[in-house]
Structure formats: structure tokens, C-alpha cells
Protein chains: 2
Amino acid sequence: MGVTTKDIAQICKVSRTTVNRALSGTGRISEETKELILRTAKELDYHPDILATSLKNGKTQNLGVLVFDIRNQYFAQMVNAIELEAKKKSYFVSINLHEKNKDTEKEILEKLVDYRVEGIIMSPVSKGKNFAKFVNKLGKPVVIIGNNVDESIPFVGIDEATAAIEAVNHIYSKGYRKIVFVCPPLSDAKNENVFTHEQRKKGFEAAVKKHKDIEQDIISGWDYLDKVIALMKNRSNEEGGKTAFFCSGDIYALEIMKALRGMHLKAGEDFGIMGFDNIDVLDYVIPRLTTIDNAVDMVATEAVNVLFDLINGKEVKDKTIVPHLLIEGETL
Amino acid sequence: MGVTTKDIAQICKVSRTTVNRALSGTGRISEETKELILRTAKELDYHPDILATSLKNGKTQNLGVLVFDIRNQYFAQMVNAIELEAKKKSYFVSINLHEKNKDTEKEILEKLVDYRVEGIIMSPVSKGKNFAKFVNKLGKPVVIIGNNVDESIPFVGIDEATAAIEAVNHIYSKGYRKIVFVCPPLSDAKNENVFTHEQRKKGFEAAVKKHKDIEQDIISGWDYLDKVIALMKNRSNEEGGKTAFFCSGDIYALEIMKALRGMHLKAGEDFGIMGFDNIDVLDYVIPRLTTIDNAVDMVATEAVNVLFDLINGKEVKDKTIVPHLLIEGETL
DNA sequence: TTGAAAGCGCTAACAG
DNA sequence: CTGTTAGCGCTTTCAA
């Protein structure tokens, strides 16, 4: 590569140790030589070899981020915030996508360790004790966002269940008595980590139980659009009040609105609908979707901070809960 | 860290060189010892220290990506594709955001070099000969996407100007004779690289020149929404045919549609509008925006491939042009 | 205040 | 077929 401390040492006619002292500012050294060394270093455009330094002290100034994908706006926003926060601390962020593949996820985690990232922030697709054990064995600080694994790994996120309860109450307060929860497949999820959706569902169930007059339903599965359409066809002539869909993710809500628009049913008029996440896109969709803001920026920033605490050997909480916010739109 | 070749050597009672030979598969070595070594390596869960290897051979298996931000869906899609392609070649991707700050951009580039990424893919905010010189001085393979800098740095993208011409012709074919080009500030752009928008504008100008009966206008600046609204107010009672907006970016189009919806003007009925980029979001916006698909996945994939050619010392073209596609929606 | 020397873990040239 | 040796560039004792 370029200029090394050896070169500087030769030129300044001192030892590499002295050069090192001047450069690092540690240890006793005469002002004269120090100045000389610093000056020549600048002249030669000396850049320390970070690989060598890393090899020596084990610090790489790299963080690994592992998420599903970043076409998904939720994660894009998340990674964006993580990068900004990490940059403040002069850390690099290695972005890695597992694409919901559990093998890929494990491979990447191992590779990240091989590459000596100092810590990892991840939204896992795997779950369970075995996976937790695997993660703990990595011997690296790890922070989980989104899908919780277990108490052995620090988690940062919002209180999904409580947020869902608030959502249901809000829907109820708008006069809806038929409320349908829409989410991706949960039970069959072959070991896939769908913690967030499970929590939201729990919240939904807890909330509807409180209101005796709610007629509730749950639509779960990738064919949710068909199910929603079928349901709306059956109910279209019904007099028992309008139906509201509470979707475990804004994208589901957007898809449903799109599909029902095909049936000339308008959100906020012919049916109610609420999402979850408050992704940036919503700004451009009419009518404005009512949703829960899950504070993705704050979650990301907190995650980075917790990770740094771990890296620096501090104690951290099992769970860091960040406040969510109900965003009122026009779809209820 | 963990187990080293030294440990294995001791246990197998051979030299480290032999261990290395077994592990790397190079050089002559007896099957017996090779097997023994590989077996114990596996037993001890040996992982090579990549930092040491990198230090030795100068290869880090890391690529740097430097873009504006990834809340911007265009870049999110881009980075997503880059990661997937890089992963195929077992490379990591370091994601870096310059946030349109030219100093940040330079700093990051230098840091990436310090950290020995093997190559960089970037969509720069800086431009001009000086910046090109700076980039070339880095001594690293660099590929530019989006905003071109100059011929000295390989570029991958679509033919923006031609795409814009096609867009205008398409708008014309739909019967519009008043066409307004909407773009961010170009001329004043204090040295900011707005190459893509400039090219699109060039295409627009070339195309309208071909049609003598087009009444054209250009709205440029961050206050474009105000200008658009003012323009529509003036024309609302006019009989000279409807106006079409050709926006240098889908987001501008979405913003305009949103704003004009506030005036009860519907895209595709009261005015025409066309975007550029075909970001994922459009799937959820009604009416479907007519736009140009700029093949972000293909651009990203190509960029990675060109970068690898550079890394491997192959000759590459100044420009790699990827085909675009006109996407017909409902807004014209 | 400065320097010599050893070592991080891996690799490669050169011997044997 | 295997081992010795030196070295990547930096850091850190320890000794002068």
C-alpha cells in the first residue's frame, strides 16, 4: 500500500516506536521530534493501515446489520437511521439481507463474526431457544429489533401488543363493531419468526374481548386478499354496520385498499381500515391510512446505542421499549 | 480470538505451513496428514482470521456503496440489488450515506479506502473535473450510477435523455399539447451533481422542439408545488386543452397529484402526469402513475459486475447503458 | 526521552 | 512431501 510508519521512521531517523508515539500521542516524547514526525506524516499523506491495527487490537469499527430486505420500506428506514447513528461514532455498517432464509441468516451471522464486526443488529427470521443459543455462541454483541428471540438477547422495539390494543379501541371509538384482524400466516409459520405479528394479534384479541359487542374475525395467510374480497362480497348488503380491517402492517392495508377499490368500495366510507408501521409511502396514498407509528428511527437509534453499550461491556436491559404513536388518517 | 493454525499445527505435530497447505488445498501434501489436519480443524471449529489474511494479501472482500440516502426508495432498491449480487460473490457491502453533503462524501470515500474496500459503487453529489480527479486519486475501482461524473470513471445507467424523449412523445400521442417539465433546481445547484435531471431535461427539450404545436414550460425548484398549483389555477378555465406534467422523478409526480387532489383535480382526467423511476410505491397509488422504469435492479447488478471486472483488472467500458421501459398507467 | 524486539495470524519463498 | 524463515503494518512491553 502506501506510506508506513517504517518509512516515516527512516526519514525522520528515529525508530518506529517513536513514530507510533508521535502519531498516537501516547507516551513521553520531545516536542521537536513529535512535530517533525507529524509534519512528515502529513507531507507523505500517511494513512494508518487499519487492517494491521485491527489485527493487532481486534477492533474493526464495523457493525453488521442483518434484515430481511430493504425493498421493504420499514427496513430501509431502519437501516438508514442505523447508518446515520453509527457514522456519528465513526463506525461502518455492513448491510446484509437474509431474505427470510434461515440458512442464509446463519451463514451471514457466522461470516460477520469471521469478518470481526464488533456488533450486530438484526431482525431475525429464525426463532426459538436453539437459535438463541446459536446467536449467543457467536460471542459478539447482538441487538434484536422487530422479531424478538428471547430474553438472552437484548431487544429494542415498541410495545406491539399495547399498540394493537389502542388501535382496536380507536377503531371501536369510530363506531365499528365488526373488526377483522389481517396478518400473514402465523401458526403454520415453519419456525419463522413472526413475533411482531403474534404480539399484534395478542393485542387485538385482548382488546376485542373487552368489548362484548364486537364481532371479530381473523384473516391470516398469504391469500388474505381473496378472503377479504369474499368477506366483503358476503357482507355488502348487510345492515349490521360497516366492517373495519386492522392490518398487521401497512402494506397489507394498502393491498386491501387497492383490491377493494377494484370493487368500488372506498376506505373510510364503505369499510374502515387501519395499518401498522407508518411507512413513508403513506404520505402519497389517498385516502390517508390510519396507522400506528412504530418509531422506526428511534428504535434504530436506540438499537445502535444499546449495541455500543454492549460493545463497551456495559450492562444493558433485556428490553428497551420505545413509545409508539397512533396516527389518525381518513380510513376509519 | 479462537483457534489458530498454530494450535492445529501443534496438535497435529506438523508445521504451520503444512496446516496452511491442507487448509488451502495448494501444494503437495500427503492425504493422511491433510485429512488429519482438516479433521482437527473441524473439531476445533477453526475459522481463519480474515483480518490477518487480508493484511497479508490486501483483499478484504468488502465493497463500499455510497448513496444519498435509502429512505429514498430508488436507492433502497438499488442497494438491495447490490447486496444480493455481491453476496453471490461472497462480498460484503458497506452502506454509506452522504446525505447530499459533499464533505461527507469525500470523507467517506477516504475512509472506505482506509478500510480497504476493494471497490466502490456510488451515486455522487459532487461533480466536475476536480471531483473526478479526487476519485481517481483514491486508487480504487469505482463505478458510478445515477449521476455521471466524467468519462474517467465507469458509469452504469439508462439513457436518460432518450427515455425522456420517449416520454414526451408518449404524452404527445395521448393528445396533450401543453407539457410542463418538473424537476429540482438545476442551474443554481451549487455544484451539486444533478446529471440525471439535466439529461432528462435535455431529452424533454429535444422532444418538444420536434413538435411545433407543443406549448412547453419548465418548472424547476423546490417550490415546484406552489408553481404547479398557481399554473393550474390560471388554466382551470382555459379551453386550450389539458396540461400534462412530466416529472423528473416519481416522487415529484406523487406530490403534485396529492396537491392537486386538494383542488379536486384528478390525474388522468383534469390533467395528465408522468413520472420517472418506477419506484415500488407506485403499486399502491391510485391512479397508477405512467412512468419510466429505469431498471434499477439491472443497473445495480451491472454495476457490481463492472466493479468486479475493474477489481480483476479487466478493461471496462466508460458507459454501460441498460434498457429502460415506459410503463403505461392511468394518469395520461 | 528513545529504541529493540516480540507478536497479532496468516502466507509464501526457499530449502530440504 | 514437509519445515524454516521472513514479513504484511502496527502495537506494546521492556530495557536503555
Side-chain angles (χ1 to χ4, degrees), chain A residues 1-41 44-62 90 110-111 113-118 139, chain B residues 1-42 44-62 90 111 113-118 139:
Chain A
M1 284 283 294
V3 186
T4 73
T5 50
K6 201 171 155 189
D7 301 330
I8 299 179
Q10 270 178 340
I11 292 173
C12 296
K13 298 196 197 307
V14 293
S15 76
R16 303 179 63 200
T17 318
T18 308
V19 173
N20 187 42
R21 273 194 271 260
L23 258 24
S24 68
T26 57
R28 267 174 276 275
I29 184 171
S30 79
E31 271 307 316
E32 266 180 299
T33 40
K34 183 171 178 178
E35 225 171 278
L36 173 66
I37 290 170
L38 289 180
R39 190 149 38 78
T40 46
L44 299 183
D45 191 31
Y46 167 75
H47 282 233
D49 186 316
I50 294 178
L51 249 34
T53 313
S54 298
L55 174 59
K56 191 64 188 165
N57 66 20
K59 310 237 172 233
T60 55
Q61 305 264 108
N62 266 295
S90 286
E110 281 180 331
K111 270 191 70 183
V113 173
D114 282 353
Y115 274 84
R116 301 263 201 102
V117 295
E118 291 187 41
Chain B
M1 285 282 295
V3 186
T4 74
T5 51
K6 201 170 155 189
D7 301 328
I8 300 181
Q10 271 177 339
I11 293 173
C12 297
K13 297 193 197 309
V14 293
S15 75
R16 301 179 62 199
T17 318
T18 308
V19 173
N20 186 43
R21 272 194 271 261
L23 258 24
S24 68
T26 56
R28 266 174 277 277
I29 185 172
S30 79
E31 271 307 316
E32 265 180 301
T33 41
K34 183 170 179 178
E35 224 170 277
L36 172 67
I37 291 169
L38 290 181
R39 190 148 38 77
T40 46
K42 200 157 269 175
L44 299 183
D45 191 31
Y46 167 75
H47 282 234
D49 185 315
I50 294 178
L51 248 35
T53 314
S54 298
L55 174 59
K56 189 64 187 165
N57 65 20
K59 312 235 172 234
T60 56
Q61 305 265 107
N62 265 295
S90 286
K111 270 191 69 180
V113 172
D114 281 353
Y115 274 85
R116 302 266 201 99
V117 295
E118 291 187 41

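Just so it is clear, the values below take in all heavy atoms, side chains as well, and ignore hydrogens, waters and symmetry mates. Every chain is numbered from 1, with letters handed out A, B, ... down the list of sequences.
- With values rounded to the nearest 0.5 angstrom, B:Ile37 atom CD1 is found 8.0 Å from B:Ser30 atom OG.
- Per the geometry, CG belonging to A:Asp114 stands 11 Å off P belonging to C:dC10, to the nearest Å.
- Interatomic distance, B:Asp114 CG to A:Ile50 CD1, rounded to the nearest 0.5 Å: 4.5 Å.
- Atoms CD1 and CD, from B:Ile29 and B:Glu35 in turn, are 11.0 Å apart once rounded to the nearest 0.5 Å.
- Residues B:Thr5 and B:Tyr46 meet the side-chain proximity criterion, which asks for heavy atoms closer than 4.5 Å.
- A:Lys34 places a side-chain heavy atom less than 4.5 Å from the side chain of A:Leu38.
- As rounded to whole Å, 11 Å separates atom P of D:dT2 from atom CG of B:Leu36.
- As rounded to whole Å, 24 Å separates atom P of D:dG9 from atom NZ of A:Lys59.
- Residue B:Lys34 is the one, among B:Lys34 and A:Leu55, whose nearest nucleotide of DNA chain D lies closer to the 5' end (criterion: closest heavy atom).
- Checking side-chain atoms of A:Ser54 against main-chain N and O of A:Lys59 turns up a donor-acceptor pair under 3.5 Å.
- Contact annotation: A:Thr33 side-chain N/O to C:dT1 OP1/OP2 distance is not under 4.0 Å.
- For the pair A:Ile37 CD1 and C:dT2 C1', the computed distance is 10 Å after rounding to whole Å.
- Note that the two end axes of the helix from C:dT1-D:dA16 to C:dG16-D:dC1 enclose an angle of 50°, each drawn from 5 base pairs, rounded to 10 degrees.
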For nucleotides 10-16 of chain D, 5' to 3', base contacts (B), sugar-phosphate-only contacts (S) and non-contacts (-) with protein non-hydrogen atoms under 4.0 Å give BBBB---

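- To the nearest angstrom, C1' of C:dC10 lies 12 Å from CG of A:Leu51.
- For the atom pair A:Ile11 CD1 and A:Leu44 CG, the distance stands at 4.5 Å (nearest 0.5 Å).
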### Task
Apply side chain to side chain contact (heavy atoms under 4.5 Å, CB included) to B:Thr17 and B:Arg21, showing your working.
CA-CA 6 Å; B:Thr17 318; B:Arg21 272 194 271 261; 3.5 Å; yes

